[in-house]
Structure formats: structure tokens, C-alpha cells
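Since the structure comes first, as C-alpha cells, the remarks are kept for the end.
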Amino acid sequence: GESVGLHLPTLSVQEGDNSIINCAYSNSASDYFIWYKQESGKGPQFIIDIRSNMDKRQGQRVTVLLNKTVKHLSLQIAATQPGDSAVYFCAEEDAGTYKYIFGTGTRLKVLA
Amino acid sequence: KAGVTQTPRYLIKTRGQQVTLSCSPISGHRSVSWYQQTPGQGLQFLFEYFSETQRNKGNFPGRFSGRQFSNSRSEMNVSTLELGDSALYLCASSFNPGVNTEAFFGQGTRLTVV
């Protein structure tokens with residue numbers, strides 16, 4: 001696809017299983033985080049966000065967990081479907097600089 | 001509500017030329033950010049504009065520039081193109097980064113420099 005390099009970590013899951021994608025962020029002062037999904041040939045698509053005053057937030061089939069102690073985010077996708085195949089990025093908002101800092105991404109492959 | 005619109009979707013240019021890319025943000029969003037995406041470097045921040053003012057610039061050479069108009073539409077320009085400028089250029093629209101607001105991306109402009 002257009003978005004990622006060949007060295008991206010890849011997670012392969014069976015259709016119907018749950019997926020967990022992990023991300024480490026860099027700035028302990030960051031207080032807002034977003035998960036994006038990027039399909040081949042498309043721009044990143046907003047999935048879910050979380051603020052630092054929360055540990056967990058749920059959306060439709062997705063849950064984001066935030067562990068501020070170890071600066072770690074995870075995205076859980078329930079009952080993974082073929083349409084979930086994409087590259088997933090976490091992003092932290094750098095409040096002092098008006099930008100988002102992106103992780104390197106994880107490629108999710110859903111096996112039929 | 002319309003999403004973020006980037007034009008053109010694809011461009012092929014030769015080394016030494018210049019290029020202008022356009023981004024129309026979501027209605028009501030005053031912030032437009034630009035990112036370069038390459039396989040080797042991932043998503044790298046170029047610059048951010050808010051109400052026609054550049055508030056931050058990433059670590060890119062001066063050949064990369066941008067501007068924002070009063071209707072919040074933004075353009076970025078790359079002069080004296082190099083092969084290494086080949087990338088997907090993404091525009092992100094938000095209400096105001098830094099206040100816990102979502103950023104929404106366009107489909108990107110795929111620039112190929114030959």
C-alpha cells in the first residue's frame with residue numbers, strides 16, 4: 001500500500017477473533033490521543049480518541065486503553081472482519097506545537 | 001458535512017520543477033496541517049496554519065512552504081523538486097489542535113518526482 005514501509009510490524013488474526021494493536025508514545029505530558037486506520041490508497045481515517053483523564057474508551061467494536069504510567073496505548077478490535085485489514089496508527093497531540101506525533105504503524109491482516 | 005478535500009490526487013513532476021497542492025478543510029475548521037508520508041519516515045509534520053497564520057513548522061527545508069486563505073483553504077508549495085520529495089502529502093483539518101480536538105485527514109496527494 002501507499003502508507004507504510006515493508007518493515008512495519010504486522011499482526012495477523014483470524015476473522016472473528018479479537019485484535020490488539022499496541023503503541024508506545026513519547027511525551028508523558030501528552031493528554032490527547034487518537035487512533036487512525038489507513039487503507040491502501042487512502043488517507044488516515046479517525047477511529048477513536050481518548051483523553052488522559054480516562055483509562056478506557058469504547059466505540060463500536062473498538063476499545064482504546066491508555067496506560068499513562070508506561071506511556072502505552074492499545075486498540076482492541078472485537079470480532080475482526082476482513083474490512084479491518086489496514087495499517088493502524090496512534091497519534092499523540094503535542095499541545096505546545098499544534099501538531100500530532102504519529103507512531104510508526106501496525107499492519108493488520110485478517111485471515112479468512 | 002463534506003470531508004477534507006485535497007487536489008490533485010496524483011501528480012508526476014520532474015526534478016527541478018515546483019508544485020502546488022491544495023486542501024479544503026471541513027467547514028468550520030480553522031486549522032490545517034500538512035504531513036508528508038513516506039515508507040521510510042512514516043508521517044512527518046510539515047506545518048500548521050490557523051486563521052491564516054503559520055503556528056508551527058516541521059524540520060523540512062525552505063523549499064517547502066505553505067499558506068492559508070481567509071476561507072481556511074490551504075496550499076502547500078514545493079520548489080526545486082528532488083527525487084526524495086516523492087511521497088503522499090496529507091492534509092489534516094481540525095478545530096484547533098492543542099485543545100483535545102480530532103484531526104481529520106484528506107485522501108492525500110500522491111506526488112511522484114522523476
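So you know, we letter chains A, B, ... as the sequences are listed, proteins then strands, and number each from 1.
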field: Main-chain N/O of A/Gly43 paired with B/Gln107 side-chain donor or acceptor, under 3.5 Å
entry: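 Checking the backbone N and O of A/Gly43 against the side chain of B/Gln107, a donor-acceptor pair under 3.5 Å is found.
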Close side-chain approach of [X] to [Y], heavy-atom, < 4.5 Å:
X        : Y       : value
B/Gln54  : A/Tyr98 : no
A/Lys99  : B/Leu46 : no
A/Tyr100 : B/Tyr35 : yes

Can you tell me if [atom1] on [X] sees more than 12 non-hydrogen neighbours from other groups inside 6.0 Å?
X        : atom1 : answer
A/Lys109 : NZ    : no
B/Ile12  : CD1   : no
A/Asn53  : CG    : yes
B/Arg15  : CZ    : no

Flag yes if [X] and [Y] sit in one hydrophobic cluster, no otherwise; membership is Ile, Leu, Val, Met, Phe, Trp, Tyr, and two members link when side-chain heavy atoms are under 4.5 Å apart.
X       : Y        : result
A/Ile21 : A/Phe46  : no
B/Tyr89 : A/Phe102 : no
A/Ile48 : A/Leu73  : yes

For the [atom1] atom of [X] and the [atom2] atom of [Y], what is their distance to the nearest 0.5 Å?
X        : Y       : atom1 : atom2 : answer
B/Glu48  : A/Asp94 : CD    : CG    : 11.5 Å
A/Gln38  : B/Leu90 : CD    : CG    : 6.5 Å
A/Thr104 : B/Leu43 : OG1   : CG    : 10.5 Å

- request: Please report the closest heavy-atom contact between A/Asp49 and B/Glu102, naming both atoms and the distance.
  value: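 Here A/Asp49 and B/Glu102 meet closest at OD2-CG, 3.7 Å.
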task: Might you point out which heavy atoms bring A/Thr97 and B/Asn56 nearest each other, and give the distance in Å?
output: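 Shortest heavy-atom contact: O-ND2, 2.7 Å.
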query: Given that the side chain runs from C-beta out, which part of A/Phe33 has a heavy atom under 4.5 Å from chain B: side chain, backbone, both or neither?
result: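 It is neither, since no heavy atom gets under 4.5 Å.
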